[in-house]
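For reference, the structure discussed in these notes is given below.
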2 protein chains.
Amino acid sequence: MANSNRKSDEETTFAAVPKAVVSRLSLYLRELQQLLSEGKETVRSGELGSRLGFTDAQVRKDLTYFGQFGYPGIGYRTDELVQAIRQILGTDIEWRVVIVGIGNLGRALLGYKGFASQGFQIVAAVDADPKKAGLKVEGVEVHPIEQLGKIVKRCRARLGMVAVPAAAAQNVVDQLVEAGVEGIVNFAPMTINLPEHVSHVGVDLASELEQITFAVAKRWHAQQQS
Amino acid sequence: MANSNRKSDEETTFAAVPKAVVSRLSLYLRELQQLLSEGKETVRSGELGSRLGFTDAQVRKDLTYFGQFGYPGIGYRTDELVQAIRQILGTDIEWRVVIVGIGNLGRALLGYKGFASQGFQIVAAVDADPKKAGLKVEGVEVHPIEQLGKIVKRCRARLGMVAVPAAAAQNVVDQLVEAGVEGIVNFAPMTINLPEHVSHVGVDLASELEQITFAVAKRWHAQQQS
DNA sequence: ACATGTGAAAAAATTCACAGCA
DNA sequence: TGCTGTGAATTTTTTCACATGT
């Protein structure tokens, strides 16, 4: 292998990558950073996988969508793989993020320590309540909603996090799109409409709990049967 | 069809249901509740699907894992389908939930209005900081961490939400399991280990953003190619 | 006529199993 | 020897297309 990056010339299609692979990549990254902090210099696909509940083959297959990162007989160099995955996910550079809606959830997002360490910098906050304008929350100034577009552009925010009531979400999203953000995380429990060229992820807290109640109900059904 | 529930005698295996189906079910439910509030008495699979970005066939196939809920030539009765999905997800009954970690995120969860309407009742809060013990946040009393097990049992909480720092998460989870909770939502950016019989979902906020940066990077790659 | 429910076909994702390399 | 990378086989999930019911 060469000096630093192995197989850096990627001609990966990138389009054919399953969504599930990308979410596992995030988990691999988190686990590798943990491994790194534990002082492990290398890790085998089986180790990494079993920590997360995946098979060794799954880990290897996922990674080879993007290149060859391992050393036969050895495994993966932890630090190299961390760097490689950050590059794949695009978080080897800083992303500027604007938060809309400074209620309980917005405040929690503003104060969340996990963003900065992963390459996300919250550059501005916006709220519809005029009483909140001018406030500084977690060191970030809150602006009135009317200035959303201007703020996004001035701060060169590329991503938006929406933490407003469901009824206000679509309107906020439209303004974010208009202002030119490239991606949106929507915490409002509401389906939003977006143009093709803007990515989004919806996080619905009640829905997360429902995944669990279903699993519990499923176990109950299985039990009844026997 | 009969008086109220169509095909109520389910012999569904329940085990063979793909995970993705369950998360779509949550989205269907949310959309149906929206539809209901708009006064729509019936809805066709195509309508429901297109609002969420799915095909009509997908909607029908998902639902038939659990029974027959539609009326050929008509569609689905909105209110009936809402009730049916709640029953499938298990949220036709109330679930008592305990929150561990009353930092910014825990407070946001405590104040989140979307839980109650979906059948989740937050019955207790716990925090490691003794200064927080005795406080009432959003009408819920905060207890010291030492009493976690006792509180879970006294309140008969069946689910736990973990919003503590990563380093503390495994320990909290172990205590929740010991206390007998049936499911856990983990907001700490850390892999947790659980026995088979306890369900869990991990919500990693940075990971959600990474899904988007990847999508943006992907689009950039596609653009370069042309 | 029109929309559901559903086997069958197709597509996608995962797992297997082994060649190749350190 | 031990582990990666990867085609091939398998399994899972989605889509198709039409018989069936109202």
Side-chain angles (χ1 to χ4, degrees), chain A residues 1-2 6-25 27-28 32 35 40-78 80-81 84-85 88, chain B residues 1-2 6-25 27-28 32 35 40-78 80-81 84-85 88:
Chain A
M1 40 22 327
R6 287 158 47 74
K7 188 99 164 223
S8 51
D9 24 354
E10 302 295 337
E11 14 66 35
T12 313
T13 310
F14 245 78
V17 179
K19 265 233 197 71
V21 170
V22 185
S23 67
R24 283 195 297 270
L25 239 36
L27 297 178
Y28 298 157
L32 286 162
L35 250 3
K40 295 210 76 170
E41 300 212 338
T42 68
V43 62
R44 281 163 283 119
S45 57
E47 259 179 292
L48 180 55
S50 73
R51 287 198 173 216
L52 292 160
F54 306 128
T55 66
D56 58 338
Q58 177 94 80
V59 171
R60 294 199 301 278
K61 189 65 127 187
D62 284 349
L63 292 174
T64 53
Y65 274 103
F66 305 98
Q68 301 185 145
F69 306 105
Y71 300 87
I74 307 290
Y76 301 85
R77 286 213 47 172
T78 318
E80 258 181 42
L81 195 51
I85 295 179
I88 293 164
Chain B
M1 57 332 26
R6 288 160 45 77
K7 188 99 165 220
S8 51
D9 23 355
E10 303 295 336
E11 14 68 35
T12 313
T13 308
F14 245 77
V17 178
K19 266 234 196 72
V21 170
V22 185
S23 65
R24 283 194 298 269
L25 239 37
L27 297 179
Y28 298 158
L32 287 162
L35 249 4
K40 296 212 74 170
E41 300 214 337
T42 67
V43 62
R44 281 164 282 120
S45 56
E47 260 179 290
L48 180 55
S50 73
R51 288 199 174 215
L52 292 160
F54 307 127
T55 65
D56 57 336
Q58 177 94 79
V59 170
R60 294 198 302 277
K61 189 65 125 186
D62 285 349
L63 292 174
T64 53
Y65 275 102
F66 305 98
Q68 300 185 147
F69 307 103
Y71 300 86
I74 306 290
Y76 301 86
R77 288 213 45 171
T78 318
E80 259 181 43
L81 195 50
I85 295 179
I88 293 164

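Order of the sequence lines sets the chain letters (A, B, ...), proteins ahead of strands, with each chain counted from 1. Computed over heavy atoms, backbone and side chain alike; hydrogens, waters and symmetry mates excluded.
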Q) Just how far, in rounded Å, is C1' of C:dT4 from CG of B:L48? A) 14 Å
Q: Quick one: list whatever passes salt bridge (Lys or Arg N to Asp or Glu O under 4.0 Å) with B:R24, sequence neighbours left out.
A: B:D62
**Q.** Members of residues 54-64 of chain B that approach DNA chain C, where some heavy atom sits under 4.0 Å away
**A.** B:R60, B:K61, B:T64
Q. With sequence neighbours excluded, what pairs up with A:R60 under the salt bridge (Lys or Arg N to Asp or Glu O under 4.0 Å) test?
A. A:D56
Q) Expressed in angstrom and rounded to an integer, what is the separation of B:K19 atom NZ from C:dT14 atom P? A) 11 Å
Q) With B:E47, which residues qualify under salt bridge (Lys or Arg N to Asp or Glu O under 4.0 Å), at least two apart? A) B:K40, B:R44
Q: Mark yes or no for whether B:T78, through its side chain, and B:E41, through its backbone, hold a donor-acceptor pair below 3.5 Å.
A: yes
Shorter than 3.5 Å, N or O on both sides, protein versus nucleotides 19-22 of chain C: list them out with atom names.
{"from": "C:dA22", "atom 1": "O4'", "to": "A:P72", "atom 2": "O", "distance (Å)": "3.4"}

Q: Kindly state each residue pair satisfying salt bridge (Lys or Arg N to Asp or Glu O under 4.0 Å) with at least one member in residues 66-78 of chain B, sequence neighbours excluded.
A: B:R77-B:D79
Q.
Can you tell me if B:S45 touches the phosphate of C:dA3, counting only side-chain N or O atoms and a distance under 4.0 Å to OP1 or OP2?
A. no
Q.
I need the CG-C1' distance between B:L81 and C:dG5, as an integer number of Å.
A. 14 Å
Q. Is A:R77 near enough to D:dC3 that one of its side-chain N or O atoms lies under 4.0 angstrom from OP1 or OP2?
A. no
Q | Straight-line distance of B:L81 CG to B:I85 CD1, nearest 0.5 Å | A | 4.0 Å
Q.
Whole angstroms only, please: what is the CZ-P distance between A:R44 and D:dT4?
A. 8 Å
Q) A:Y76 side chain N/O closer than 4.0 Å to the phosphate oxygens (OP1, OP2) of D:dG5? A) yes
